[in-house]
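Accompanying notes for the structure given below.
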Amino acid sequence: MNFIQTRGVAKNTPKTVTFSEAILAPIASFGGLYVPETLPNLGIEFLNKHLNSSYKELASDLLNRFEIDIEQNVIDEALSLYDKFDDSSNPVPVIKLKENLYVSELYHGPTRAFKDMALQPFGKILSSIAQKKDENYLILAATSGDTGPAALETFKNQKNVKVVCMYPANGTSDVQRLQMVTEDADNLKVIGIKGSFDDAQGALKTLLASENFKNNLNEKNISLSAANSVNFGRIIFQIVYHIHNYLELVRQNGIEIGEKVYLNVPSGNFGNVLGGFYAKEMGLPVEKLVISSNENNILTRLIQTGIYDIRDSELKLTTSPAMDILKSSNVERVLFSLYGADRTRELMENLDKDNIYTLRASELAKLQEIFIADFCGDDEGKSYIKSVFEDGYLMDPHTATCFKTYKTKSNPNIKTIIYSTAEWTKFSPVIANALTGENDTEDIKALESISKKANVEIPTMIKELFTKKIIHDTVIEKEDIEEEILKFL
Ligand SMILES: *Cc1c(COP(=O)(O)O)cnc(C)c1O
């Protein structure tokens, strides 16, 4: 199957590209994104067929339905990375919390957050395309904390790919930082930027626009690619678990095949819930996709009012940093699906030019048929962490936002699946504070106190981080980043 462009096609640009092309160079004409030309129609038949399949069998069949230009042995190799998850036979456990309420845990991979779900297999696929074409790629990543570790982990020692990961020196949790700076492989470089995540992302943008940098890469025969969440190579793997979760509810006798459910997703760049959107479009019985946000509530406002307005919005730093975002890139793919390329281009150009776009009433109605949304403040989030813990379930601050929407937006008679996107170990100071009121700023103390309070072990891979050798100790001003990267290359 080929891929087309959300903002239409610029002159001299091919009308369609293959999957490999779309993932090597993910930005399309007019700054748009690639989307599949058509979606496979799966329907109930597909669900019946996979009722007893393993996660990998389900994933493999789904990928095949997209007819992507990747050989089966590469797909198999990529999917075998799910064997590294806690339970290789079930990488995504679905837990029943109470009548009609389930949690899908997407964090059982090597870096303990949901980014592994897609980046693990994606890394393998990208590297194998690069090897086959005999080309070398540089992946640049700016991270607020979860993408960086997951990208480094997946590309570690992969041939024909180098990764440079930039993080805000004081903007991540200790665990997130240690996961990055202790990664030891010749093809990886981790750089702390003095400043915030915006500074790290700004440094990346400046770099991408630098002629000098491009010329230098050309001389070295290196092309740039991206592993960020707009890459369809990530999205495709994020469709699988929505279907898996549904089948798990059937297997646990929670629902009958065909019964509609709510999928409740803590959302930032909209990549996770976009997978759910595609699954629904392909026939998964979903009543509504529930968007849960933090105080950066741009998505809530879009879905409630039809207006995407960031004119006066300032990014707030919250206790759910992976959702601290104003320009939520993957929304564009939904605009395209619902309103077509011309209108998408118009809306996105409005946003680029004026920092606002407004949907027509009929367009908003279409959006609201599919999505509902609400947001959760930090203090509210902490109170959910505490009360849900008292009911027997330990969760992180991103997941906590879903309990707000569950209360305000869901119909309790319809089954809900909440997505848990990070293990408690990644955001321990906030959780410890919510559970006991203490104010540890160091992760190690918070981890120990949660471990005691909740009677859970700190996973070995997290504990080991604190004694592992620091490999990357570079912390620099953003102005010096280009030189630092060229030195590494
Ligand atoms: C990335 C991330 C999210 C947001 O996912 P999107 O696909 O960007 O919407 C939520 N929670 C955690 C822990 C994450 O790492």
Side-chain angles (χ1 to χ4, degrees), residues 23-27 33 109-127 130 136-158 160-169 171-173 176-193 195-210 213 217 222-235 237-238 268-269 271-272 321-325 327 329-330 426 471-472 474-476 478 481-482 484-486 488-489:
I23 76 172
L24 283 176
I27 298 298
L33 303 174
T111 71
R112 319 315 286 165
F114 118 89
K115 302 294 188 284
D116 288 329
M117 288 308 306
L119 274 167
Q120 277 293 312
F122 171 80
K124 187 90 226 160
I125 287 187
L126 191 81
S127 156
N136 289 300
Y137 284 88
L138 171 66
I139 307 262
L140 292 172
T143 183
S144 66
D146 282 342
T147 301
L152 294 167
E153 181 65 31
T154 190
F155 288 114
K156 175 164 69 177
N157 297 320
Q158 295 281 5
N160 298 47
V161 180
K162 286 190 163 70
V163 179
V164 173
C165 179
M166 291 164 255
Y167 70 95
T172 70
S173 73
Q176 289 172 322
R177 181 174 43 79
L178 290 170
Q179 282 180 325
M180 292 186 273
V181 299
T182 58
E183 261 316 356
D184 190 6
D186 288 343
N187 67 330
L188 306 179
K189 173 83 183 168
V190 179
I191 304 173
I193 308 282
S196 67
F197 173 58
D198 277 347
D199 292 315
Q201 203 163 32
L204 177 67
K205 283 202 179 127
T206 313
L207 204 57
L208 293 176
S210 157
F213 186 64
L217 290 185
I222 299 176
S223 312
L224 271 180
S225 185
N228 56 15
S229 79
V230 299
N231 196 310
F232 201 86
R234 283 177 59 176
I235 302 297
F237 290 105
Q238 290 173 189
N269 218 13
N272 191 351
M323 289 150 60
D324 288 347
I325 195 159
K327 279 197 179 174
S329 313
N330 276 304
K426 289 207 89 168
I471 306 292
H472 308 272
T474 316
V475 176
I476 57 177
K478 62 180 175 195
I481 195 105
E482 184 166 336
E484 190 68 33
I485 294 179
L486 289 173
F488 163 66
L489 295 177

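Keep in mind it's a predicted model, so treat the numbers as computed, not measured. One-based numbering along the sequence shown.
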Side chain of [X], backbone of [Y]: donor and acceptor closer than 3.5 Å?
X	Y	answer
T172	G145	no
T206	G202	yes
D116	A150	no
Q179	T111	yes
Q238	G271	yes
S127	G123	no
S144	F197	no

Interatomic distance, [X] atom [atom1] to [Y] atom [atom2] [nearest 0.5 angstrom]:
X	Y	atom1	atom2	value
F122	N231	CZ	CG	4.0 Å
I191	H472	CD1	NE2	10.0 Å
Y137	L126	OH	CG	8.0 Å
K162	L489	NZ	CG	6.5 Å
L119	E153	CG	CD	10.5 Å
L207	I485	CG	CD1	4.5 Å

**Report entry** V164 and I139: CA distance, side-chain angles, deciding distance, side chain to side chain contact (heavy atoms under 4.5 Å, CB included) verdict
**Finding:** CA-CA 6 Å; V164 173; I139 307 262; over 6 Å; no

Minimum heavy-atom separation for [X] to [Y], with atom names?
X	Y	answer
T147	T143	N-OG1, 3.5 Å
Q158	N187	O-ND2, 3.4 Å
A169	R177	O-CD, 4.3 Å
F232	I23	C-CG2, 4.4 Å
F155	V163	CB-CG2, 3.4 Å
S196	P168	C-CB, 3.4 Å

Under a 4.5 Å cut-off applied to non-hydrogen side-chain atoms, are [X] and [Y] in contact?
X	Y	answer
L188	F488	no
V181	I471	no
T154	K124	no

Requested in this report: Could you tell me whether K189 atom NZ has more than 12 heavy atoms of other residues or ligands within 6.0 Å of it?
Outcome: yes

Query raised in the report: Between Q176 and D146, do the side chains contain an N or O donor and an N or O acceptor separated by less than 3.5 Å?
Result: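 On atom types as modelled, these side chains qualify, holding a pair under 3.5 Å.
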
**Report entry** Donor + acceptor pair across side chains of Q120, K115 (<3.5 Å)
**Finding:**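 No pair is found: no donor N or O on one side chain lies under 3.5 Å from an acceptor on the other.
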
Report task. Check the pair L152, M180 against side chain to side chain contact (heavy atoms under 4.5 Å, CB included), reporting the backbone distance first and the verdict last. Result -> CA-CA 7 Å; L152 294 167; M180 292 186 273; 3.7 Å; yes

Query raised in the report: Who passes side-chain contact (heavy atoms from CB on, under 4.5 Å) against K478, sequence neighbours left out?
Result: I193, D199, A203

Requested in this report: List the steps, then state whether side chain to side chain contact (heavy atoms under 4.5 Å, CB included) holds for M117 with F237.
Outcome: CA-CA 7 Å; M117 288 308 306; F237 290 105; over 6 Å; no

May I have the list of side-chain donor-acceptor pairs in residues 223-230 shorter than 3.5 Å, sequence neighbours left out?
residue : atom : partner : partner atom : Å
S225    : OG   : L24     : O            : 2.8
S229    : OG   : N269    : ND2          : 2.9

